[in-house]
Protein chains: 2
Amino acid sequence: MSAIADVARLAGVAKATASRALSGRGYVSEETRQKVVAAARAIGYVASPNAASLVTGRTKSIGVIIPFISRWFFSEVLESMEEALLAEGYDMTLYNLPAASPERDSVFDYFLARKRFDGVISVGVALSEGEVDHLHRLGRPLVGIGGPIRGVQTIAIDDVAAARLATEHLLSLGHQDIVHVGGNQADEMDFKVHSNRLTGFYAAMRDAGRATSGCFYPCEFTMPGGYRVGLSVFGDPRSRPTAVFAASDEIAIGLIVAARELGIQVPADLSVIGIDGHPYADMFRLTTLEQHPRRQGRLAVATLLTELDAPLHRDESDHLTVLPTNLVFRSSTSPPRNPPGA
Amino acid sequence: MSAIADVARLAGVAKATASRALSGRGYVSEETRQKVVAAARAIGYVASPNAASLVTGRTKSIGVIIPFISRWFFSEVLESMEEALLAEGYDMTLYNLPAASPERDSVFDYFLARKRFDGVISVGVALSEGEVDHLHRLGRPLVGIGGPIRGVQTIAIDDVAAARLATEHLLSLGHQDIVHVGGNQADEMDFKVHSNRLTGFYAAMRDAGRATSGCFYPCEFTMPGGYRVGLSVFGDPRSRPTAVFAASDEIAIGLIVAARELGIQVPADLSVIGIDGHPYADMFRLTTLEQHPRRQGRLAVATLLTELDAPLHRDESDHLTVLPTNLVFRSSTSPPRNPPGA
DNA sequence: CCCGGATAGGGAACCGGTTCCACACCACAA
DNA sequence: TTGTGGTGTGGAACCGGTTCCCTATCCGGG
């Protein structure tokens, strides 16, 4: 294990000069630089990031806290963030924090404690006041996805607006009997996506003068979750709606699978719209609002790195960037079979 | 930012004593220990892992290289490894290395270079000889999932045997016309899973005295991939097999969805078996061989940590642990509608 | 009573870099 | 000729811990 002192000795210069030559900071003559670089290569020298960050305070590493790894949105965000960070020379240390994790405190107390990371990105975790304080005390840039978090730059889509748009799409097709199948806001406290999408649904319904009682079915946020709800809700022909707004594409696909099994034609008998832009949406011909998680991940990284270069003042840091969603119209939605007044 | 010197001063002891008191190493009287702990708490002292690892050589951090984050098997492995590592006080830094990544070299040259990690886990990445050497030169424990890797302890299932078992299940049900839909070994070089499963399939067929020509359909390793292959293969009634062994559950489910759309009854007209134990398998009533990725992840972590405590000799380190798979018999497989000789 | 070993704690070196500061040199302007 | 400022380099301090080594006390056994 060779150290920079070995490089310096071999090159016939002082440690300080070797350091400057290799890092590119400070004055070094071209001739000396080349000697040092050659010496470093000769003995296979690689700088110890630990030693460097001990004095510079920079670790070139960022911490990510996230409630799920294996769910679509989160894994996409993760993949895009890792890629963006790597390209900038940062690496990513991952903390998976489900809502009720026994390790949760230790992550905040120990792992995110001190000098480990140049910055932290929080993806869709609902942080307690104490946890937010804890992160702020690190004095490091902090960026959120799915916010807002107090005093933190956040990237998000407008869940209320997206849900409203999805609902309005169904309304504009002439549907009278619309229900929403979405997350149960009690469990899985990943922010307010669940309640926001429900809010958007109710708002659109109310604006259209529709009653909303009995129009919401809580559901696990997965394809099997949607499937189970679909079987039970569509099972009884009398209670069957003509259109469903699902809070996620996976739920929507579960609903479609259930409908098909029950012999219900989509979209003729039942329109289904989701939110996400899941890669499976196309094969189920699902109309959906795409939310581009990779774009969110990349923007989060860019925001964090920008703030690293030029720290913001306390008051400018509380900023929410809303990314657009876009409607992809496939054939899981259509006007109802018997339009009103026909 | 308080340092251990501040703690020592406040407690009225030397740095060395404070260090011993807080780390629990060496002799410290109970009384002194309490004083130091109290002082540390009073000023909110948290040790700098950087400084510690600079001298101990331990970073309490392990690196993971993985070709996908968002695919089921890999995200499950990741989630289980993160959990196991966190419980042992380690954190996990993630490098996503698709087969042809422009960053690939930089990960090996720079990020995995020196003193960053106490160990490395490689999940399903096919490493070049040079890369394996590179990792070995780190002189740190290295564990693989999906191996084998030269000179590395590896956790894996027996893909050949699993494929054989799946195929034999179909054979034992009396199917005459069996095909395999699996990964294209040319692309996505994540090891030999693709070719191993194909090998197992061919072996079982051969042992049963079956012809195998034209029995393999290459397929993207995803649900839409299976769906597309299903539409094209099942589309023509004359070429339609009575049973399919899919190399993954996602492919299998894609096939089932395609079959349903084409009006083909599963399992009456078509039996489908997969490999994985995917959470969606149940809702599609898919018969499958479960491979328990979380168990693989946990075992990889346990193996790595064991090796960290007691480094192995060069020759004992080349060990492959084969984890069992188990058949879960659901209703996507049954005897063919017209058994031979009926 | 003396000695060896366990317990307790202080001083200082050390891990491997970066950076501050001092100094030397040189060119060019005043 | 004497500043003045840009270059180039070395020495040494420093980041924040851990650990080696040394000294001191106490206790039990020979």
Side-chain angles (χ1 to χ4, degrees), chain A residues 1-37 39-40 43-61 89 110-111 113-118 138-140, chain B residues 1-40 43-61 89 110 113-118 138-140:
Chain A
M1 296 305 130
S2 49
I4 200 172
D6 303 324
V7 175
R9 199 174 314 121
L10 183 58
V13 299
K15 264 176 69 180
T17 304
S19 173
R20 281 187 291 253
L22 293 172
S23 67
R25 279 180 289 267
Y27 292 114
V28 181
S29 73
E30 179 57 21
E31 188 193 344
T32 307
R33 200 187 62 75
Q34 298 216 354
K35 265 197 315 196
V36 172
V37 168
I43 60 177
Y45 169 78
V46 183
S48 154
N50 268 317
S53 52
L54 184 56
V55 41
T56 61
R58 288 302 183 88
T59 62
K60 280 288 187 177
S61 170
Y110 176 61
F111 289 104
R114 220 162 68 101
K115 289 183 171 287
R116 290 177 84 85
F117 304 112
D118 289 347
L138 295 179
R140 305 279 181 181
Chain B
M1 297 304 133
S2 49
I4 200 172
D6 302 325
V7 175
R9 199 176 314 122
L10 184 57
V13 298
K15 263 175 69 181
T17 305
S19 174
R20 280 187 290 254
L22 294 172
S23 67
R25 280 182 289 268
Y27 295 113
V28 182
S29 73
E30 179 56 23
E31 188 192 344
T32 307
R33 202 188 61 75
Q34 300 217 353
K35 264 196 317 196
V36 173
V37 169
I43 61 178
Y45 168 77
V46 182
S48 154
N50 268 318
S53 52
L54 185 56
V55 41
T56 61
R58 290 302 183 86
T59 62
K60 281 287 186 177
S61 170
Y110 176 62
R114 221 163 66 100
K115 289 183 171 288
R116 292 176 83 85
F117 304 113
D118 289 346
L138 295 179
R140 305 279 183 182

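Naming: A, B, ... by sequence-line order, numbering from 1 per chain.
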Would you mind telling me which of [options] lies closest to the side-chain atoms of [X]?
X: A51(B); options: dG10(D), dG16(D), dT19(D); answer: dG16(D)
X: R20(B); options: dG16(C), dG10(D), dC20(D); answer: dC20(D)
X: T17(A); options: dG17(C), dT19(D), dT9(D); answer: dT9(D)
X: A47(A); options: dG17(D), dG17(C), dG10(D); answer: dG17(C)

I need the [X] [atom1] to [Y] [atom2] distance, nearest 0.5 Å.
X: L138(B); Y: D118(B); atom1: CG; atom2: CG; answer: 11.5 Å
X: T56(B); Y: N50(A); atom1: OG1; atom2: CG; answer: 8.5 Å
X: S48(B); Y: L54(A); atom1: OG; atom2: CG; answer: 6.0 Å
X: S29(A); Y: R20(A); atom1: OG; atom2: CZ; answer: 11.0 Å
X: S53(A); Y: K60(A); atom1: OG; atom2: NZ; answer: 12.0 Å

| Do any of residues 21-33 of chain A sit with a heavy atom less than 4.0 Å from DNA chain C, and if so which? | R25(A)
Value in whole Å for how far the [atom2] atom of [N] lies from [atom1] of [X]:
X: N50(B); N: dG17(C); atom1: CG; atom2: P; result: 13 Å
X: K35(B); N: dA8(C); atom1: NZ; atom2: P; result: 13 Å
X: L54(A); N: dC14(C); atom1: CG; atom2: P; result: 17 Å
X: R9(B); N: dG10(C); atom1: CZ; atom2: C1'; result: 16 Å
X: I4(A); N: dG10(D); atom1: CD1; atom2: P; result: 12 Å

| query | At under 4.0 Å between heavy atoms, what does T56(A) touch on the DNA or RNA strands: base, sugar-phosphate, or nothing? | reply | sugar-phosphate
| message | Please enumerate all residues that pass salt bridge (charged side-chain N to carboxylate O under 4.0 Å, His left out) together with R9(B), with sequence neighbours excluded. | response | D6(B)
| query | Does Y45(A) put a side-chain nitrogen or oxygen below 4.0 Å from OP1 or OP2 of dG17(C)? | reply | yes
| request: Examine dT18(D): is either OP1 or OP2 under 4.0 Å from a nitrogen or oxygen in the side chain of S19(B)? Give yes or no. | output: yes
| message | Within the supplied structure, the quantity of interest is the number of heavy atoms (other residues, nucleotides, ligands) at a distance under 6.0 Å from E31(A) CD; does it exceed 12? | response | no
| query | Counting only distance, no hydrogens or angles, is the base of dG17(C) paired donor-acceptor with the side chain of K15(A) under 3.5 Å? | reply | yes
